[in-house]
Amino acid sequence: MSLAFCGNENNSAAYNVEKGVLNNGCFVDALNVVPHVFLLFITFPILFIGWGSQSSKVHIHHSTWLHFPGHNLRWILTFILLFVLVCEIAEGIVSDGVSESRHLHLYMPAGMAFLAAITSVVYYHNIETSNFPKLLIALLFYWTLAFITKTIKFVKFCDNGVGFSQLRFCLTGLLVILYGMLLAVEINVIRVRRYVFFKTPKEVKPPEDLQDLGVRFLQPFVNLLSKGTYWWMNTFIKTAHKKPIDLKAIGKLPIAMRALTNYIRLNEAFEAQKNKRSPYPQGSKSIWCALCWAFGRPLVLSSTFRILADLLGFAGPLCISGIVHHVGKGNNTIRPQIKILGVFFISSQEFLSNAYVLAVLLFFALLLQRTILQASYYVAIETGINLRGAIQTKIYNKIMQLSTSNMSMGEMTAGQICNLVAIDTNQLMWFFFLCPNLWAMPVQIIVGVLLLYYLLGISALIGAVVIIVLAPVQYFVATKLSQAQRSTLEYSNERLKKTNEMLRGIKLLKLYAWEHIFHSSVEETRQKEMTSLKAFALYTSISMQCEMFSLFASFKTVIIVSFVVRSTVKALVSVQKLSEFLSSEEIGEEHDKCSEPRSADNHSKYQVVVSNNVQLYIITNGFFTWTPEGSATLSNIDIRIPQGQLTMIVGQVGCGKSSLLLATLGEMQKTSGNVFWNSPEKETAVDMEVRKRGSVAYASQKPWLLNATVEENIIFESPFNKQRYKAVIDACSLQPDIDILPHGDQTQIGERGINLSGGQRQRISVARALYQQTNVVFLDDPFSALDIHLSDHLMQEGILKMLREDKRTIILVTHKLQYLPHADWIVAMKDGTIQREGTLKDIQKSESELFEHWKTLMNRQDQELEKETIIERKTVLERKNLRRTRYSREALLKDDEEDEEEITESDDDDNLSSVLHQRAKMPWRACGKYLSSAGILLLPLLVLSQFLKHTVMVAIDYWLAKWTSDVISAKSDLEQKNCSVCQEFNHSRYSRVFSILCCLGIILCLVTSIAVEWTGLKVAKKLHYCLLNKIILAPMRFFETTPLGSILNRFSADCNTIDQHIPATLECLSRSTLLCVSALAVISYVTPMFLIALLPLAIICYFIQKYFRVASRDLQQLDDSTQLPLLCHFSETVEGLTTIRAFRYEGRFRQKLLEYTDSNNIASLFLTAANRWLEVRMEYIGACVVLIAAVTSITKSLYNQLSSGLVGLGLTYALMVSNYLNWMVRNLADMEIQLGAVKRINGLLKTEAENYEGLLSPSQIPQNWPDRGEIQIQNLSVRYDSNLKPVLKHVSAHISPGQKIGICGRTGSGKSSFSLAFFRMVDTFEGRIIIDGIDIAKLPLQTLRSRLSIILQDPILFSGTIRFNLDPEKKCTDSMLWEALEIAQLKHVVKALPGGLDAIVTEGGENFSQGQRQLFCLARAFVRKTSIFIMDEATASIDMATENILQKVVMTAFADRTVVTIAHRVHTILNADLVIVMKRGVILEYDKPEVLLEQEDSVFASFVQADK
């Protein structure tokens, strides 16, 4: 057939110009080509040649600055224009299909217009990003010309009687409107920017974010096309493939998304709620209102997108039904009757009765629907992330204001607060993400039912009834699911709490042989957790069944219902928790008056005027309590603290010394009385009340360290001053310790200072207080964990020299009464009141009895000079000593160093930089380990049931297609035969098979679901059991070289992943993969031609998923690793709240929080954008699959008579491919990350256990061994690990039954190793220890450790009752427990508690003072009536009076037992039968104390001298 622009029929009206040239349709169409050709000629040279020279002029970081007005409108109009032009091309081709010759003028101008429209938008984009507006003049001319030529065409149509019934008329009208609007947009740009026709163009500046080189998240700034397709992510994802993504690569958050911006917005909303004067300003309802007020707008936008996308979603089924219908009729387009201006015109109905047109429309509808849907998701998630940041900041600000009593009285634990931050804020974020579904679902269901009714008639209503019936079932299942989820969470929290305590007290458990008790306790909780996980799995399976039913009822919406209901329930619970937290009690108002941190300049040492009548602060008639309704902890407090002097507070354990410091800092509830700071006498009370407390350097009794380097811990946010820093390090004797650390003072101190000994933690805490340039320093018992030399050095160099000489005010709480002569002012406390205050001389005069009591305790004469010289000598000696004994110190247990280099190596998995570099391929080995743990039976069942299920699903669809085709062909046969007597079509055979297949499908669905869940549970149970077993039996060395946080992570995060996430991901992955395969198989079966087109699509798909998986894994890990410091910061703040508030550092810590939150949010945002990037691309590939499948199947059915039922089947499957592709890639990426948990747990399962077996059988060990307590140590050498140097070398000693032995020596001399050797906690590689005739190496570990008693330096208490803490084995009677408590001086304390022996001990024994905890540990050892009793520096944090009583009791109560005492304070072992002095792992002196004291050069004598 010949081709011509105007057609070449003989009687063609195309060349007829009798009525004027403009009345010739072909000429008008030719005229319409002119503007497009003009644009293409003008813009191409500029686009390809002139660009390089222009862009260099622009000094702007990103080429994404959109600054022309009407930018988004222009893009939207251009997209609509392109769609209308495609319709015009299609209309031209269809209407020309009936002519005898081809009329190019019907579709060629539209084709040119299509090219020009694309060129116009590319041209505009380049001009905008390079900021060269004068070139826009070309577009102004183009839109004007296009508008004029189209208007001429439209007018001519009107003249010739073409009306609305013709599609071409409507399209031309639309184009006139579109070109007119684009022209208006162009004129508006000139009006606003004045780049032409005006003298002075308007200058504009790029937004602040784009000027900042750090902002890499460009979604808010790019053009509409890039926004919709996430095109800007391409470079990011490509770079991720070359090098790992780190925080630097993702840059900063744009200002509008930062936590501070969103917090301000949220706070304004809260304030607005408060101003409404609602009765519950912090109640759940007002929180919901505030959240909606602050973040409602974007949600409305997201919901609008969602509803639009859902409505567009119905275009798919409608187009497919149209295609099937027309294919059934042979795609015979109705021949158009109307011929005007020499060409045919068709109506829209005729246009849409072409199957190919429907295929193209389906393609466009899919593209648009999927783009809008992804935009809806993105907006919702971005809102959720912004909301999470705002709420976390809100929670943090509340923490800063929290009353201390909430924490100490156990009303609110650090764990609860961390849960609030980690879990509840995320629940709210997910709720906001799923929120648009709430409004979209009703629309979906209503439109769906109407459509089905239109297609199927009354039977559609049956489907609707099934949904209505299933809705309450779904709701019931969803609530049951959330209940199961909640109980699982409770049990897992309880299990973690127990595991945490078990790991914190692991040394004690091993020494007391209590591993089995705690093991069974954790396992018992795990059993409960597994039971509730089983319930969870069962309800999940049932909910899947409901989904299956609803699929057969022609609906998929119900699937989302369960998600949304579950998420809503969780969000309601979270908001309830949040409202309880936000309404919890805050500290007194005095604190709020001075919330600004004072800078160091305000209090330089020269400003302080010191005279005897200047007080730092005064408390008058003060009554303080921890809880508002509780009894007063401190009563009748009247004290004056002199400024610029050293005040000491002394008193027995638990008399309220620490409470007094906290009360002064405003941490306690003041029931009456006043606290005045820095008040000269003449000021009035009003002035004093208003005075603000400055910054106070405070070292708490329980040292609080940041998870940072040693240097950062000491400097603590102050400016670095090298000289001062060195002086502080020296005063606290930290240099030897720093020398030992792998990276010196740049070593990271683990969580809670876990890799340091008690003494080191305490000295760093004190060093921090000394370093600060504050006027006031509070030191709460800084000597408790230090030996005598370190204490003396700290007192002399630190407190007296650095602080007192600087005229700083020091308040020192201490039990070391020998330092009292240094005090300028002494406050003696007793039972929560002030017993006496004054100078030492005052007290000597007025309270001579008290003074005498102190003097006997001090056990010394004031030989100041002699003492100082000895101290000097000791210090030098100690320095050399410590540097030499690097290895022995390194190897000492908890009270000394750990080999940090091993720590860093052993836990590389948790180290961010190394994680990012382990960019391995899929962890198949971990996958194999996971599946093999399921056992030999479950695995084949799992695979088989999945295959069978999907086969049945395909069979159901195939049978439906066959049924439909047979019905249609039977109908057409009837029509052809035209007989009235022919028999009706028999449906019964088809419906029977269909019913059987459906029942099979439902059964198989249940089987697969249960198989997956059960496999998951079995593996989870097995892995946790093995892990717990391995960990609890691991040698002590393992716990010293592995950070506690890392082991806990295995039990918490990794177990949670294996319990709840892997089974679901595995199920999803296998389902989506099989669905994808079956869909492609069905399409290929229907139209084998499709396979040719499949190849390039598969290659594109492969590369997209390959690039995505790498970026996704990095971003996922970055998201997790940025969450960790955030949670650590929260728990650190909660633990160090009093210190932070004392220092007045709230502002600095808030700033840190904002940084952590922002870095976590930017990682989450990039992860979201990457997911959207993948999904948009997969959806577009899916749309291409649909288009190709549609075109090939239509063509095949027209030529090869393919049945219309199969065409429908192929297209229905094609529609779902993009969804399955998405889920497949996403689940593959998730699976890869989640299998990391299996890999890490697997790593720990390789830990070697201690050898618990012994050479002797139980029958060979006497029942009451050791009954005498005789110890023979023969040539003993021990080390901590086979690759470390020995810490004891060839030690020999003999201890007779019932002897009292004292061991002393410097830090690192091997004292603790000596005691641990009795319990085989260290590697004995030479020599042996014989106790009562049995070599302990031959005994089973359990037996050996259960027959000895030890008290450790660090007091460890477990949460539970006092009874459980004293006797977890439940072997003792009450009277035995009371006796032990009496010995430990605790009987009166426990008697006063509600419940007596069953009184509650909170986590870590926080509800008792440090000294009381130590006494409970003593009582615990007394309960085990063993004949050998070891005390390892057990009285370090007990005051001297209580310690003296204890010493006497131990001597009398244990008169017949062997007692080995390792001493810090040498005077505690003066009454011993034998003294062993150790140095560098060897015994230096070994004799009776009186013999050693008589020798002039004895080391022991010099120790005693120094201790006086």
Side-chain angles (χ1 to χ4, degrees), residues 83-84 86-87 90-91 94 167 170 305-334 346-373 440-461 463-464 467 551 553-557 957 960-961 964-965 967-968 1079 1083 1086 1179 1182-1194 1197 1203-1219:
F83 178 70
V84 174
V86 169
C87 291
E91 190 271 348
V94 172
L167 179 62
C170 301
F305 280 157
R306 183 60 205 264
I307 290 168
L308 261 176
D310 285 347
L311 292 175
L312 270 170
F314 289 110
L318 285 174
C319 289
I320 289 178
S321 104
I323 291 172
V324 171
H325 179 70
H326 298 315
V327 165
K329 290 185 174 178
N331 200 26
N332 298 325
T333 311
I334 309 137
I346 56 171
S347 69
S348 52
Q349 195 180 352
E350 290 163 344
F351 179 64
L352 288 174
S353 63
N354 185 304
Y356 287 110
V357 168
L358 285 176
V360 174
L361 281 178
L362 172 61
F363 174 68
F364 278 113
L366 277 178
L367 286 186
L368 188 60
Q369 188 250 345
R370 299 292 154 86
T371 310
I372 293 178
L373 186 65
M441 278 182 323
V443 176
Q444 231 178 347
I445 291 172
I446 293 163
V447 177
V449 170
L450 290 174
L451 254 179
L452 283 177
Y453 183 69
Y454 161 70
L455 288 173
L456 305 176
I458 199 78
S459 52
L461 296 177
I467 283 186
L551 281 180
S554 322
F555 263 99
K556 267 202 162 173
T557 312
D957 289 336
L960 272 176
T964 317
S965 301
V967 170
I968 291 173
I1083 302 169
V1086 173
E1179 300 285 17
C1184 294
V1185 169
V1186 173
L1187 181 66
I1188 296 163
V1191 172
T1192 49
S1193 55
I1194 292 167
S1197 76
S1203 76
S1204 55
L1206 284 179
V1207 173
L1209 178 70
L1211 289 182
T1212 313
Y1213 268 88
L1215 258 188
M1216 298 186 287
V1217 166
S1218 65
N1219 271 342

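Worth knowing before you read on, the calculation uses all heavy atoms, side chains too, and leaves out hydrogens, waters and symmetry mates.
Here I323 contributes atom CD1 and L318 contributes atom CG; the two are 11.0 Å apart, rounded to the nearest 0.5 Å. Taking CZ of F314 as the start and CG of L312 as the end, the distance is 10.5 Å to the nearest 0.5 Å. Taking CD1 from I307 and CD1 from I372, the interatomic distance works out to 12.0 Å, rounded to the nearest 0.5 Å. Separation of atoms CD (Q369) and CG (D310) is listed at 7.5 Å; rounding is to 0.5 Å.
In this structure, T1192 and I1083 have side chains that are not in contact, with every pair of non-hydrogen atoms separated by 4.5 Å or more.
Heavy atoms only, all atoms of each residue included: L362 and G316 are closest at CD1-CA, 3.4 Å. Counting all heavy atoms, side chain and backbone alike, A1079 lies closest to V1217 at CB-CG2, 3.8 Å. The two atoms that bring L1211 and V1186 nearest to each other are CD2-O, 4.1 Å, heavy atoms only. Closest approach of G322 to L358, counting heavy atoms only: C-CD1, 3.6 Å. In terms of heavy atoms, L1215 sits closest to R370 at O-NH2, 4.1 Å. Closest approach of A1189 and S1193 over heavy atoms only: O-OG, 2.7 Å.
For F83, the ring pair (Phe, Tyr, Trp, His ring centres under 6.0 Å) criterion is met by F364, not counting sequence neighbours.
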Under the side chain to side chain contact (heavy atoms under 4.5 Å, CB included) rule, what do L361 and L352 come out as? Steps first, then yes or no, please.
CA-CA 9 Å; L361 281 178; L352 288 174; 3.4 Å; yes

